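Computed from a predicted model, the values in this text were never measured in an experiment.
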Amino acid sequence: MNIMETQNLSHTYWRTEAVRSLTFAIPQGGACALLGQNGAGKTTTIKMLMNLLRPTAGSATVLGADSRRLGPAQFRQIGYVSENQKTPAGMTVRGFLDFCRALYPAWDKALETKLLALFQLPPKRKLAHLSRGMRMKAMLLSSLAYRPKLIVMDEPFSGLDPLVRDELTHGLLELAGAGEWTLLISSHDIDDVERLVDRTVIIEAGKLLLDETLESLQRRFRRVEIFSPQPSPVTPPASCIACETNNQHARWIETQYTIGTEHTCRTLFPGATFSMHPMTLKEIYIATVKNTAALKGKN
């Protein structure tokens, strides 16, 4: 079952098409990264999914409901955290949580206590007197304590130091084992995101570039380096990108690696030495986006 789906989802700001016919789905219980450059359409997509912005065309469903009709029943099952989220500055952490608790019948007081300790939040301090990282922890706590079915995070790590990012990530991982929730997270901090997700959606200029499980991506991408003892033309296979070659040395990224790839390389380049290295999600993302830009430049 998919907890979230889009079908040809689009949005135009005046004459600018920010999101173009975007179609993807997130299975229930999964964790998906929504990746893309600044201006790629990530925040616009999330706003449409959260009924903060109406689609120009296409549709989306969230928790089985049309995203344009999300109401209290659905929002009680959604935790939403954004870098631009406003906080009631005059409230203390304790007062803020007391206020939120009254709005959610499913609020878990034991989980609240656990997360307060995990995030080291000072209950008596006003939100206005907290650092940005501490305020983000408070917002995340208030979005997790009622155990939502869906958690949506838009750049939650933006501008935070590595220690705070690690603490926020650890807080999410603490709950991941229960398998009770689904996560959609948009972030430029891909190293942190990789620890959380099992699926990746990449968009560029509002269009879908890639929608695939992390396991599949990391299985089929390899960084390849070949050195031939005898000068000879080195022609990479058609499935390779980011190719750099001369008569004896070649580097590229194989996008369709299988257990037979090494045998193919030995056949194509007899006598050559070669190495094939797995790639991180960040490396795969950068290579994919750069290759798309290079192909556009040729057209």
Side-chain angles (χ1 to χ4, degrees), residues 6 8-10 16-26 31-46 155 184-228 233-265 267-269 272 274-299:
T6 71
N8 298 316
L9 191 67
S10 304
T16 302
E17 197 173 16
V19 175
R20 310 178 187 186
S21 299
L22 197 60
T23 298
F24 67 90
I26 301 175
C32 179
L34 180 62
L35 305 180
Q37 300 183 78
N38 288 333
K42 304 186 300 297
T43 294
T44 299
T45 299
I46 287 176
E155 294 294 347
L184 173 64
I185 180 168
S186 169
S187 177
H188 291 297
D189 298 285
I190 302 177
D191 291 333
D192 294 302
V193 166
E194 184 173 359
R195 297 167 58 191
L196 294 168
V197 303
D198 54 33
R199 188 170 201 88
T200 301
V201 170
I202 300 177
I203 61 176
E204 178 66 18
K207 293 182 178 180
L208 183 70
L209 280 188
L210 184 149
D211 176 11
E212 194 171 344
T213 66
L214 182 60
E215 179 184 12
S216 173
L217 272 177
Q218 294 185 322
R219 185 172 59 243
R220 69 181 180 88
F221 273 77
R222 288 291 188 279
R223 190 176 299 280
V224 178
E225 189 161 5
I226 289 182
F227 181 79
S228 177
V234 177
T235 304
S239 57
C240 298
I241 62 175
C243 305
E244 301 176 16
T245 67
N246 58 36
N247 284 340
Q248 290 181 274
H249 187 239
R251 284 193 297 256
W252 63 73
I253 293 172
E254 171 62 70
T255 65
Q256 299 298 332
Y257 176 83
T258 68
I259 56 175
T261 300
E262 294 188 20
H263 174 72
T264 300
C265 284
T267 302
L268 290 173
F269 313 109
F274 60 90
S275 58
M276 298 188 180
H277 304 284
M279 297 173 66
T280 65
L281 177 58
K282 183 176 181 178
E283 290 171 331
I284 293 170
Y285 165 75
I286 291 172
T288 301
V289 172
K290 281 187 173 181
N291 184 60
T292 301
L295 292 175
K296 283 183 180 179
K298 292 179 181 179
N299 296 333

A side-chain contact here means heavy atoms from C-beta on lying under 4.5 Å apart; do Asp192 and Ser187 qualify? no
So, does Ser239 use its side chain to make a donor-acceptor pair with the main chain of Glu254 at under 3.5 Å? no
Shortest non-hydrogen contact between Ser186 and Ile46, atoms and distance: CB-CD1, 3.7 Å
By salt bridge (charged side-chain N to carboxylate O under 4.0 Å, His left out) - contacts of Glu17 (at least two apart): Arg20
How close do Ala33 and Val193 get, counting heavy atoms only, and between which atoms? CB-CG1, 3.4 Å
Would you indicate whether the side-chain heavy atoms of Trp252 and Ile241 approach each other to under 4.5 Å? no
Can you name the side chain to side chain donor-acceptor pair (under 3.5 Å) partners of Arg219, sequence neighbours left out? none
Quick one: do Arg222 and Thr261 satisfy side-chain contact (heavy atoms from CB on, under 4.5 Å)? Show the steps, please. CA-CA 10 Å; Arg222 288 291 188 279; Thr261 300; over 6 Å; no
How far apart are the C-alpha atoms of Val197 and Cys32, what are their side-chain angles, what is the distance that settles it, and do they pass the side-chain contact (heavy atoms from CB on, under 4.5 Å) test? CA-CA 5 Å; Val197 303; Cys32 179; 5.8 Å; no
If you measure from CG on Leu217 to CD on Glu283, what distance do you get to the nearest 0.5 Å? 13.0 Å
Of all residues at least two apart in sequence or in a different chain, which pass the salt bridge (charged side-chain N to carboxylate O under 4.0 Å, His left out) check with Glu244? Arg251
Is there a side-chain contact between His188 and Lys42 (heavy atoms, below 4.5 Å)? yes
My understanding is that only residues two or more places apart in sequence, or in another chain, count here; which of them pass side chain to side chain donor-acceptor pair (under 3.5 Å) with Thr258? none
Nearest heavy-atom contact between Ser21 and Ser10 is N-OG, 2.8 Å
Any side-chain heavy-atom pair of Arg223 and Tyr257 under 4.5 Å: no
Got a second to check how far Leu281's CG is from Ile190's CD1, nearest 0.5 Å? 6.0 Å
Does a side-chain heavy-atom distance below 4.5 Å link Gln218 with Glu194? yes
Distance col, row Phe221:CZ vs Thr288:OG1, nearest 0.5 angstrom, shows 4.0 Å
Okay, side chain of Glu215, backbone of Asp198: is any donor-acceptor separation there less than 3.5 Å? no
Partner residues of Thr43 under the side chain to side chain donor-acceptor pair (under 3.5 Å) criterion, sequence neighbours left out: Asp154
Rounded distance [0.5 Å steps], CG in Asp191 versus CZ in Arg195: 10.0 Å
Less than 3.5 Å apart, which donor and acceptor atoms pair up between the side chains of residues 202-213 and the rest of the protein, not counting sequence neighbours?
residue	atom	partner	partner atom	Å
Glu204	OE1	Gln37	NE2	3.1
Glu204	OE2	Gln37	NE2	2.9
Asp211	OD1	Arg199	NE	2.9
Asp211	OD1	Arg199	NH2	3.3
Glu212	OE1	Arg220	NE	3.2
Glu212	OE1	Arg220	NH2	2.9
Glu212	OE2	Ser216	OG	2.4
Glu212	OE2	Arg220	NE	2.8
Thr213	OG1	Ser216	N	3.1

CA sep, side-chain torsions, deciding dist, call: Val224, Cys240, side-chain contact (heavy atoms from CB on, under 4.5 Å): CA-CA 9 Å; Val224 178; Cys240 298; over 6 Å; no
Please enumerate all residues that pass side chain to side chain donor-acceptor pair (under 3.5 Å) together with Thr44, with sequence neighbours excluded. Tyr13
